[in-house]
Each structure stands twice: as structure tokens, then as C-alpha cells.
Amino acid sequence: MISESSLLQGLNDKQLQAVTLPHVSALILAGAGSGKTRVLTTRIAWLIQTGQTSPMGLMAVTFTNKAAKEMLTRLTSMLPINTRGMWAGTFHGLCNRMLRAHYREAGLPNTFQILDTADQLSAIKRVMKTLNVDDEKYPPKQVMGYINGCKEEGLRADAVEAYDGHSQKLRELYAAYDQQCNRDGVADFAELLLRCYELLEREPHIRAHYQQRFQYILVDEFQDTNRLQYLWLKLLGGAHNSIFAVGDDDQSIYAFRGARVGNMNDFQRDFNVQNIVKLEENYRSHSNILDAANAIIANNRNRLGKNLWTSAGKGEPIRIYEAYNDTDEAQFIVDEVNMLQKEGVSLGEMALLYRSNAQSRILEHTLFSANIPYRVYGGLRFFERAEIKHALAYMRLIANANDDTALLRIINFPPRGIGARGLEQLQEAARQNECSLWQAASNKVGAGTLGSRGLEGFVALMRHMIDQGYGISLGELAELVIHQSGLMAHYQNDKEGEDRIENLKELVTAAVAFSKQDLGNHHNMDEDTDLLTQFLNHASLEAGDHQADVGHEALQLMTVHAAKGLEFQSVFISGVEEGLFPHDQAAYEQGGLEEERRLMYVAVTRARQRLYLTYAQSRMLHGQVRYGIPSRFVDEIPAELTKRLNSKPVAKPYAAGGQYTPAAVSAPSANYPFKIGQSVRHGKFGEGVVVSYEGNASDLSIKVNFGSAGLKTLMLEYAKLEKC
DNA sequence: CGACGTCCCCTTTTT
DNA sequence: GGGGACGTCG
């Protein structure tokens, strides 16, 4: 076994202080790149190694499966312990586990299924249809946002306040939706948390059991917790347990989905936190980059206060490039990437970040043309693919026949002649008998009052699968389902079904792997939950990787949100323009601008050595050319840290769409006295850049971007512009 | 039932 | 511009 001293070796004073805190609640303010994960895992290792607790006596909570895995991997490299059975995982994973263990007290069937976001939305649409609610007036997505918002605040429908007709309707929908979920025996993501919270609150003996067990609770990314998660922690922490909360208020970028930075303050107050350890030494970036990040974030109010520093040198200046348009911006990035590669930086060490996904298209296009391999993060994941969800829906129905959401997904897929009419009859029958659709369907078939041959076929199929599925392995069941259901045959007939078939085969592989891994595992310690249900849980809670092939060298493309927690040798932040970053929409939200600024802070601190900020004078957005001015965040960086790569942006021979700008506009002429991209001076607005000409020859206007004075359209005849 | 047209909207995202 | 959702027609 590794000795204590070697476990703690190499920690700086602050890190050491945090790792070895006594059994009290503490808040660790861990700046970007300050060794947060290391502190968290070393703390766990130290607690176990010194015998203060056992692996089973602590709980470690994260937000993502990735973070949980990372933590456990690092832990096993420090201590020769078996992490299986440890209560380390995501909020949702841990709540699910508690609910499985106490499903009766929680009022759930032992095979309850988890609705992912797509399932939840379709369940909500169903409720609204039943209640005849106008989905123009109540867009299902908004209803979903409302319901999840309430749950994340810890509020059931009967506890929500509603004064006007609109919110009363929403509340009514919330109640009806919950009722439907109970009938179906399903729980959405937020429900896992709320249900678990209520369970602990209602059942003192269960609460006491876990409070006694988890003397040490460790929470990662504490700034991202929502109200309900905080309440849950508070309940588990009780009066005597130690909650070790690690977070960075400056990296709170998920307020839009309910995260409450205020939890950090509440935590200090509610737990009488005496120990606040600030980890401010950054081991990632050179000081030019850190100083820029510090300068940006200093513009936010209401910070807990923290200033990153490094003993690394100044490093390179932050490079700023003002592009003529989005194509030019992309081309610039391509050129720089090529140059960096020549200097020996590998592609996988470079990241190209953007504020919103829409920006990736043109970047991808340009990278593709330039033959630069790239990998985009985000998009559909394995268990979210349509064919996989179809196959899983059959399996869900086998596990729990009352799962109407699953039934509706596949009752007529592959098509078997059950149309909208037949379905309506079925739903009507279910409503009248107050039973699930499956029960209604089997009743109909049994009674001989056939809705259609298709329905008969469907019921027979499901019964057959349930029969055949009894006692076979998970892999065999998956195999059985994809063939018997007709999914395989359906996609084989489809010209573009090849990928889907591959994915279905992959599902069988995943099922086999899951049961193998589970054999020696007992990670649920919950004998009531069968393997099929566990597998379906796994599929819902862990939708799979965004990206499978990690080894391949490629430029990393992702949103700034997706980049949180990662680091790269070189980072490009593109589209650093007002309206885009900070995003227009942010202005309408309370604290929106500050969140955008934190987002910028996160983006900047991803870079170890080299950082580029690029913005464009114009870009295509929503099918229209949009003229932008540089983001205020650029101005917030002290000039001495930066290097402007082009002081006077010049029109490139390629304009939007890669087409050449018409000669009449690109070259000065009698009609067009200034080139696009040329700098001009105006008596009132100062210096600006010619963006475009508008109107016809006799009535010509000129559009000029005056930077801080904004974008102006002037009548050429009257505007006294001069070259500069 | 499926193919095709049209309309509408359009940050960020994990579980 | 482009994807998703919905509606109409064959």
C-alpha cells in the first residue's frame, strides 16, 4: 500500500490543507486548472487510507458520468481498493439507486423505467392531447420546462403558486402529467431527484440509515447544483456529517438549467462553514492567459472572490484576429492550425470553440475543404438514436407492460397497419377502463372486439417475445427483440439503413458486455432489480459517448459549454462578437450578461499556451448577413496582453459563400469610392470600416462599422467620409 | 402509409 | 440556411 506521505506528495499548501481537513463541512473554491479533481480524489484516498472511513462510508457526487468515472479511475490508481459498490456517481444515478432499494416506500413499481428528455416530451404531448390543450398556447417544450423547473425547485403541483389562468393551466398539466407517469410506472430525470428527496424526508428510518452511513459526502462542481440537489444534500448531510463541496462560482454556466450559484452562500450559512479553502494556483496556463481571464471576470459583481496566479512565465500574447466575414475567419483558423501543426502541436491538442452550435457549420465546411481532420462534440449519442430507442422500447415493454410511452413508440413501428384511428380507439378504451394501453390492447384482442388485424398481431408479438424472453440472457433478449420485432428486416429494406443495422448489432454487443460486467459486480446490491431493468436504467442514465474513436488525431470542435473541464495546448475562440458572445438572448435574462462573462472566462482558461480570439465584421446568421462589432469581452482584456494580428481588416478575395466580391465593389471606382474593408473617417462617428454598399447607383448608401459607435448606414452623397 | 411541400423557429445541456 | 414538425396529396 502506498504510504500516506506519498499520497500527499506534490500537493501545494492549499491543496494539502483541503485534502486533510477534519470531519467538518468545508467549501473548496477551486479555480480553473488548480487541481480540483486531484484534491477531491486525494481527499477520498486519504480518508480511506488513514482509516477515518471505509469506501462504503462515504458518498461522492458528480454531475456527469464522465466525471464520476474519472474520479474512480484516479482513486484506484492511488489506492488498491475495489470501487465497486461505492456510492460514487451522478446525482441521478445515486437517487435512482436509492429509489430501487426502497421502491415500495417510494411508491414505485420495482421495474420503473426512466424517461429521457425525448420520452418526457412525448409523454407531455400525450397528456395535453388527453386534456385537449391547445399546443399553440402551451408549447409542449415550454410545458416541459415549466414542469422540470418546478421539480428542480422541489415543488409538486399542489405546492406551486399560480395566480393567472395561464399558470393555473400549467399547474394543472403538471399534476396530470405526474398522474400519468405514476400510472405508467415511469420517472423522468427530475423525478428521480424529487422522489428520492421526498422519500428521505418522509421516512425517518431510511434517512437515518443513510445519514449514519455517509459520514463523509463529497460534491463536485458544487456551483452547478440546483435547489433540489442542494436540499437533497442538506437532508443527507444532516446535522453532523461532513460535506466537502468543491466548486468555482466563476465557472457557473448552467443557470439556464436551474443551477443556483447562491447554493454556495447558503451552504456556508446552513452548515456554518468555517473552512473555506481557495485554490488559486493554476497549473495550466501561462500568465498572459490567466491575467486576461482575471481581467474579464473582474467585471462581474457578486463573486466570492478569487484570483488565479501561476509561476509559469508570461508566455505568448493572446492573438486577436478581426476577420472580414465568417469565411475569412474560418480560413484564418485553418491557416493557423496548419502552421501550429508545422510547429509540432498535434491536432488533438488544439480546440476550436464557439458559443453556439450553429457556428460550427461553416467552420466544418472550411476544415473539410482544407483536409484537416476534426471531431465535433455534441449531437446524438448512442442510446438516443431512433433505432436504438425503438429496440429499447420493446425491451422496456417486456420489463413493464404498462409503460405507455414505450408502447406508443413501437406499436406501429415497424408499420403493421395500426393507424391513427385504431390508436385513438385504443386510447379511448384505456381511458374508460383507467388502464394502460397494453391492458386495453390485450382486453380488446381477448374479447374478440378487434380494432384491427395489426393490433392482434402486435399483442401476439409482444406475448411471444415475453414468453421467449423468459430465462434467456440479456444479449439473447436484445437479439430476439431486434429480429422478432421486425426492426432488423425493416432497416434491411431501407437503402440508408446500414448504419442503423450496425447500431442495432452494437446494441446486442452492449447488452452482452453489460451482463458480463455485472456478473462479478453486484453494483446495485439490489436483488429486486433484474438485469433487464438495470440495463434499461443504464441506457437512460448514461446515454453513451458522444464520440467513440478517441485515439484518432483530430482538431477538437465544441461549444464553450462542452469545453468546461478540458484543456488544450492551443485554443481558438471564434465568433467573439456582440450578439453572439455575449449572446443576444442573454440580455433578456436576469444576470444573463454575467453568465456570458463566466462562459468567456471558462473559454479563455482552457488554453495552456496559445489563445486566439477571432471575430468577423459580418457573418451569415439565420440566412441573413449580419454585421457585428467586437465583443465587449475583447475590450476587457488589457491591451498589453494581446497582439492584434491585423490592425486594419481588409476585404479578402473570398466573400460569403467563397465567391469573389464583384469587381465594381472590391475596387474603388467613380460609383464606389471606397473598397469594402477600407478604413474611413467620419466627422461624428470617428474611424470605421466599410462593410457594404446598398441601393442603386443614383441612390447609393454605404454601410460602415464604426466599432463602439455601432454600424451605420449613410447616404454616400452626404456622408463626408475620407480615407484613412 | 409514405413522400413531398410548407411553415416556423432558431443559445448553451446533463441526467 | 436548414432542420424539424406538420399537413396534404397520391
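Each chain gets a letter, A, B and so on, in the order the sequences are listed, and its residues count up from 1.
In this structure, A:Ser356 and A:Glu542 both approach DNA chain B, and ranking their closest nucleotides by distance from the 5' end singles out A:Ser356.
Here B:dT14 presents its P atom at 9 Å from CD of A:Glu384, a figure rounded to the nearest Å. Taking atom CG on A:Asn357 and atom C1' on C:dG4, their separation rounds to 16 Å, with Å as the unit. The CD1 atom of A:Ile147 sits 22 Å away from the P atom of B:dT15 (whole-angstrom rounding). One can place CZ of A:Phe63 at 16 Å from P of B:dT13, the figure rounded to the nearest angstrom. Here B:dT12 presents its P atom at 21 Å from CD of A:Gln223, a figure rounded to the nearest Å. Atom P of nucleotide B:dT13 and atom CG of A:Asn65 are separated by 17 Å, given to the nearest angstrom. The separation between A:Asp224 atom CG and B:dT12 atom P is 17 Å, rounded to whole Å. Regarding A:Glu136, its CD atom lies at a distance of 11 Å from the C1' atom of B:dC7, rounded to whole Å.
Among the heavy atoms of the strands, none lies under 4.0 Å from A:Asp584. Residue contacts shown for A:Arg355 include a base, since a base heavy atom lies under 4.0 Å away. Residue contacts shown for A:Asp135 are absent, as no nucleic acid heavy atom lies under 4.0 Å away. A:Ser540 comes within 4.0 angstrom of nothing in the nucleic acid, heavy atoms only. Note on A:Glu596: a base of the nucleic acid sits closer than 4.0 angstrom, heavy atoms only. Within the nucleic acid shown, A:Asp116 has no heavy atom closer than 4.0 Å to any nucleic acid atom. Within the 4.0 angstrom heavy-atom criterion, no nucleotide atom of any strand lies near A:Glu221.
Comparing atom distances between the A:Pro415 side chain and each of B:dG2, B:dT14, B:dT11 picks out B:dG2 as nearest. Each of B:dT15, B:dT12, B:dT11 was ranked by its minimum atom distance to the side chain of A:Gln585; first place goes to B:dT11. Closest to the side chain of A:His561, from the set B:dT11, B:dC1, B:dT13, is B:dT13. Here the side chain of A:Arg257 is nearest to one of B:dT11, B:dT15, B:dT13, namely B:dT13. Side-chain proximity of A:Ala562 to B:dC10, B:dT15, B:dT13: nearest is B:dT13.
Taking only side-chain nitrogens and oxygens, A:Thr559 comes nearer than 4.0 Å to OP1 or OP2 of B:dT13. One finds no side-chain N or O of A:Asn537 lying less than 4.0 angstrom from the OP1 or OP2 phosphate oxygen of B:dT15. Between A:Arg381 and B:dT15, a side-chain N or O to OP1/OP2 separation shorter than 4.0 Å is present. At least one side-chain nitrogen or oxygen of A:Arg361 sits closer than 4.0 Å to the OP1 or OP2 atom of C:dG2.
With A:Asn263 contributing its side chain and A:Asn226 its backbone, the two residues share a donor-acceptor pair below 3.5 Å. In this structure a side-chain-to-backbone donor-acceptor pair under 3.5 Å is missing from A:Asn110 to A:Tyr103. Under the 3.5 Å distance criterion, the side-chain polar atoms of A:Asn65 are matched with a main-chain donor or acceptor of A:Leu541. Using a distance-only test at 3.5 Å, with no hydrogens or angles considered, a donor-acceptor pair links the side chain of A:Arg606 to the main chain of A:Leu566. The backbone N or O of A:Asp248 lies less than 3.5 Å from a partner atom in the side chain of A:Gln223, making a donor-acceptor pair.
Rounded to whole Å, the separation between the P atoms of B:dT13 and C:dG4 comes to 16 Å. Taking atom P on both C:dA5 and B:dT12, the two are 16 Å apart, rounded to the nearest angstrom.
No option in A:Arg619, A:Arg355, A:Arg632, A:Arg626 other than A:Arg619 meets the side chain to side chain donor-acceptor pair (under 3.5 Å) test with A:Glu577.
By the ring pair (Phe, Tyr, Trp, His ring centres under 6.0 Å) test, A:Tyr374 pairs with no residue at all, sequence neighbours left out.
Remark: ring of A:His583 overlaps the six-membered base ring of B:dT11 in a stacked fashion, centroids less than 5.5 Å apart, planes less than 30° apart. Both thresholds, 5.5 Å between centres and 30° between ring planes, are not jointly met by A:Phe91 relative to the base of B:dT15, so the two rings are not stacked.
Side-chain N/O atoms of A:Thr117 and base N/O atoms of B:dT15 include a donor-acceptor pair closer than 3.5 Å.
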